[in-house]
Amino acid sequence: MTDDDRSFSRLDAAFARFLSQRTDFDPGQKQAFEAIVMTASYEQNQGHSCIRLDDNARTLLLASGLAETAAAGQASPQPLIIEQDRLYLHRYWHYENRLAMKIKAMAQTGHSVEKLDAMLDRYFDALDQNKDQREAAKMAATQSFSIITGGPGTGKTFTVVKILALLQELAEQPLHIALAAPTGKAAMRLQESIGFSKAKLPCSEAIKNHIPETVTTLHRLLGAMPPSPYFRHDADKPLVYDLVVVDEASMVDLALMSKLLDALKPGARLILLGDKDQLASVESGAVLADLAIAEALQNNVYTLKKSHRFGGAIKELAEAVNLQQDELAWQILSDGDDCAVQCLDEDLIDYVAAQQAEYLQLIKAKAGFEQIYQAFSRFQVLCSNRQGKNSVADINYRVEQKLAEQQRIDLSGLWYPGRPVMVSQNNPALHLYNGDIGICMPDNVATGKLMVFFQRADGSVKKYLPARVPHCETVFAMTIHKSQGSEFEEALIVLPDAVNPVLTKELLYTAITRAKKTIKLVADQAVFAAAVRQKIQRTTGLADKFKV
Ligand SMILES: Nc1ncnc2c1ncn2[C@@H]1O[C@H](COP(=O)(O)OP(=O)(O)OP(=O)(O)O)[C@@H](O)[C@H]1O
C-alpha cells in the first residue's frame with residue numbers, strides 16, 4: 001500500500017504532530033518523522049500491531065529521542081518501540097511482549113499423567129475418525145497452554161468437553177473451570193453444545209457435575225469496568241480459575257488476549273479453541289493465527305481436520321476458498337449438482353423478502369418469542385460491505401420497502417412489529433452488547449405495547465421499550481464481520497459489483513462457514529475470484545517472538 005492509498009485520520013496526524021513537536025529535528029526531518037508515525041498510527045487502526053521499518057527510518061526514529069529499542073522497552077517511557085525491523089506504538093508492543101512472555105512460561109510447564117492412555121481409550125473409541133481428537137486431548141491433558149484449532153464441525157467442543165471430564169478425573173480437588181467466548185452469541189452456542197455433549201460422556205455423574213454448563217463473555221469474566229479500558233481482574237487481582245477455556249479465539253484481539261493472560265492465576269491452564277483460517281479480530285493482531293504457526297508452540301497446537309457436521313459442497317467450497325483456488329470454488333458454486341451450494345438465480349430482494357414470511361407470520365399468530373427468533377435466525381443475508389450497492393444498508397432498505405409493499409410490515413414508524421435489529425453499542429447496564437440481535441413485536445403477555453425482545457447468552461429472554469434500546473440497526477442483512485461466532489441454516493452471501501479492499505479469502509471463508517445446510521451467493525465471477533485471490537496480511541511480531 002502506498003501513502004496515497006491511505007486516508008490518515010485527523011487523530012493519526014495530530015498524534016504525529018504532537019510527537020514531532022517534541023523533537024529537535026529540522027523541518028525536513030520533522031516531515032519524514034511525522035510520515036512514519038502517522039503510518040504507524042493508521043496501520044494500527046487497520047488491525048496491524050506494528051509496521052516494518054527500513055534502516056533510514058529506524059535511524060531517524062532513534063535520533064528523535066522518542067523511540068527506544070525493545071531491549072529497553074520494558075521500562076521505557078518512550079511512546080515508540082523498535083524491535084528488529086518493526087515499529088510499535090508502545091502500548092501494542094507491551095501487549096505483544098507480555099502475551100508472548102506469559103505463553104512461553106506456560107508452554108514450558110508440562111504435566112506428566114500416569115495411565116493417561118487408558119483414560120483416553122475410555123473417552124475416545126478406537127475408530128480412526130477419533131484419532132485426531134484423541135491426540136488433541138492428550139496434548140491438552142499434558143500441557144498448561146494449548147490451542148485446538150479446526151474448521152466448523154471438526155469437534156472442538158465435542159473434544160474439549162471430554163478434556164474437561166478427563167482433567168476433573170485426574171485432579172485431586174475438583175478444578176475450578178471457566179468457559180468463555182468473545183461475544184454473547186458465541187457464548188450461547190458453546191453453552192448449547194456443552195450441555196449436549198456432556199450428557200453422552202463416559203464418566204460418573206459426579207465428574208459431569210464438575211463440568212460447568214454456563215459460558216460467559218470474556219469481558220464479563222475479566223470484569224469489564226466501562227468506560228475504563230482496564231478490567232477488575234489483572235495480574236494483581238487474578239481470576240480464581242484453575243482452567244480457562246476460550247472458544248472462538250480467532251475473534252480475540254491482541255489487547256484482550258494479553259489482558260486475559262495477565263489475569264490468569266499462577267499455575268492456571270488455558271485452552272484456546274477456534275478456527276485459525278477465519279477473519280482475524282476486528283481490533284489489532286491476528287493472535288490465534290500467529291500462535292498456531294509459532295515455532296516454539298508446536299507441542300501446544302493441534303489442528304482437527306475432519307468435519308463431523310457437514311461434508312459435501314459446503315466443506316469443498318470452504319476448502320477451495322481457503323486454498324485460494326478461485327476456479328474450483330466457482331465451479332462448485334455453478335455446478336449446481338449439490339443444491340447445498342448455489343449462485344442465486346432469482347431476484348435478490350424478492351428472495352430475501354420471501355425468507356422473512358415465516359417469522360412475520362408467527363408474530364401475527366402471537367407465537368412465543370423463542371419460536372419467532374428461531375424462525376428468523378434460520379436464514380441470514382451476509383454482506384461484505386456496509387455501504388454501496390448490495391451492501392448491508394442497501395439490502396436492508398430495499399427489503400423493508402418490499403415487505404411494506406407486500407403489506408407484511410408497516411413502515412409508518414421506525415419501530416414496527418417484526419423489525420429485526422442488531423445492537424451496535426455496548427450497554428452493560430442493560431446487558432445489551434454490540435452484535436446482540438433483537439426483534440420488535442407486541443408484548444402479548446403484558447401490555448400489548450411494542451417491545452424489543454432479545455435472547456440472552458444464558459438462553460433467557462429480555463424485553464426493552466424501543467426507546468431504551470442502545471444504538472442499533474435493522475438487520476435483514478448484516479456484515480460478514482458481524483456474523484462471526486454465529487451460524488445459520490442458510491446463508492445468502494452478497495458481494496458488491498466491483499472489487500474493493502474488504503474482499504478477501506478470509507472474509508469469504510468466514511461467511512461460508514457460517515452456513516449449516518445451504519449457501520447461496522450473489523456475486524459477479526470476477527469479483528468473487530478477486531476476493532478469493534486476496535489474502536489478509538497483518539503485520540505483527542508475535543510469531544517471531546516464538547522463533548527457536
Ligand atoms: N468423534 C465424533 N464422533 C461423532 N460425532 C462427533 C465427533 N466429533 C464431533 N461430533 C459431532 O459433530 C458435531 C460438531 O462438533 P462440535 O460442535 O464439537 O464442532 P466444533 O468444531 O466445535 O464446531 P464449531 O466450530 O462450529 O462450533 C456435533 O454434533 C458433535 O456431536
Side-chain angles (χ1 to χ4, degrees), residues 120-140 146-166 179-203 208 211 213 215 217 245-252 271-281 288-289 292 301-312 314-315 317-319 322 340 377-378 380 382 457 480 483-491 506 509-519:
L120 288 167
D121 287 345
R122 175 153 47 86
Y123 280 97
F124 298 88
D125 57 40
L127 289 179
D128 229 10
Q129 58 167 345
N130 289 339
K131 259 194 184 155
D132 267 8
Q133 295 178 345
R134 188 184 197 278
E135 287 306 307
K138 191 170 188 174
M139 171 192 72
S146 28
I147 293 179
I148 301 177
T149 176
T154 48
K156 299 182 289 296
T157 317
F158 185 83
T159 307
V160 91
V161 175
K162 293 184 176 183
I163 295 169
L164 298 182
L166 218 141
L179 306 175
T183 65
K185 194 78 56 56
M188 201 151 72
R189 273 191 56 217
L190 178 63
Q191 191 160 304
E192 276 168 15
S193 24
I194 294 257
F196 195 72
S197 302
K198 201 169 135 171
K200 300 191 219 152
L201 282 173
C203 63
K208 284 186 197 173
I211 298 176
E213 281 191 355
V215 181
T217 62
V245 177
V246 179
D247 196 15
E248 298 288 354
S250 61
M251 294 171 72
V252 184
I271 301 177
L272 302 180
L273 308 175
D275 184 350
K276 65 179 169 50
D277 296 318
Q278 268 190 41
L279 277 172
S281 53
L288 189 74
V301 179
Y302 202 94
T303 305
L304 299 176
K305 297 212 171 78
K306 184 182 160 44
S307 175
H308 294 266
R309 190 179 301 133
F310 53 57
I314 298 184
K315 186 164 186 275
L317 180 64
E319 278 172 4
N322 201 24
S377 324
R378 188 195 61 77
Q380 185 62 52
L382 305 177
I480 296 167
S483 74
Q484 278 178 279
S486 300
E487 276 188 343
F488 314 96
E489 301 276 299
E490 175 174 342
E506 288 84 356
Y509 175 83
T510 302
I512 292 163
T513 54
R514 298 309 89 212
K516 284 202 266 192
K517 290 204 176 131
T518 314
I519 288 175

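Just so it is clear, the model here is predicted, and its values are computed rather than measured. Just follow the structure's listing: the first ligand is 1, and inside any ligand the first atom is 1.
Atoms of ligand 1 lying under 4.0 Å from at least one heavy atom of Glu487, given by number and element, are 26 (O).
In the candidate list Ile148, Asp125, Thr157, Thr157 is nearest to atom 22 (O) of ligand 1, counting heavy atoms. For the residues Arg189, Lys156, Arg134, Lys306, the heavy atom positioned nearest atom 27 (O) of ligand 1 is part of Arg189.
The side-chain tip of Lys162 points at the ring of Phe124 from less than 6.0 angstrom away and within 45° of straight on.
Considering backbone and side-chain atoms alike, Thr154 places an N or O below 3.5 Å from some N or O of ligand 1. Of the N or O atoms in Pro152, none lie within a sub-3.5 Å distance of an N or O in ligand 1. Inclusion of Phe196 in the set of residues having an N or O under 3.5 Å from an N or O of ligand 1 is not warranted.
Using a 4.5 Å heavy-atom cutoff, the side chains of Thr154 and Gln133 are not in contact.
From Arg189, atom CZ reaches atom OG of Ser486 across 7.5 Å, with rounding to the nearest 0.5 Å. For the atom pair CD1 (Ile211) and CG (Leu201), the distance works out to 5.0 Å, reported to the nearest 0.5 Å. Lys516 contributes atom NZ, which lies 5.0 Å from atom CD of Glu489 (distance to the nearest 0.5 angstrom).
Just one of Leu272, Ile163, Val245, Thr157 meets the side-chain contact (heavy atoms from CB on, under 4.5 Å) condition when paired with Ile148; it is Ile163.
Residue contact check for ligand 1: Gly150 places no non-hydrogen atom closer than 4.0 Å to it.
The residue Ser193 has no part lying near ligand 1, judged by heavy-atom distances below 4.0 Å.
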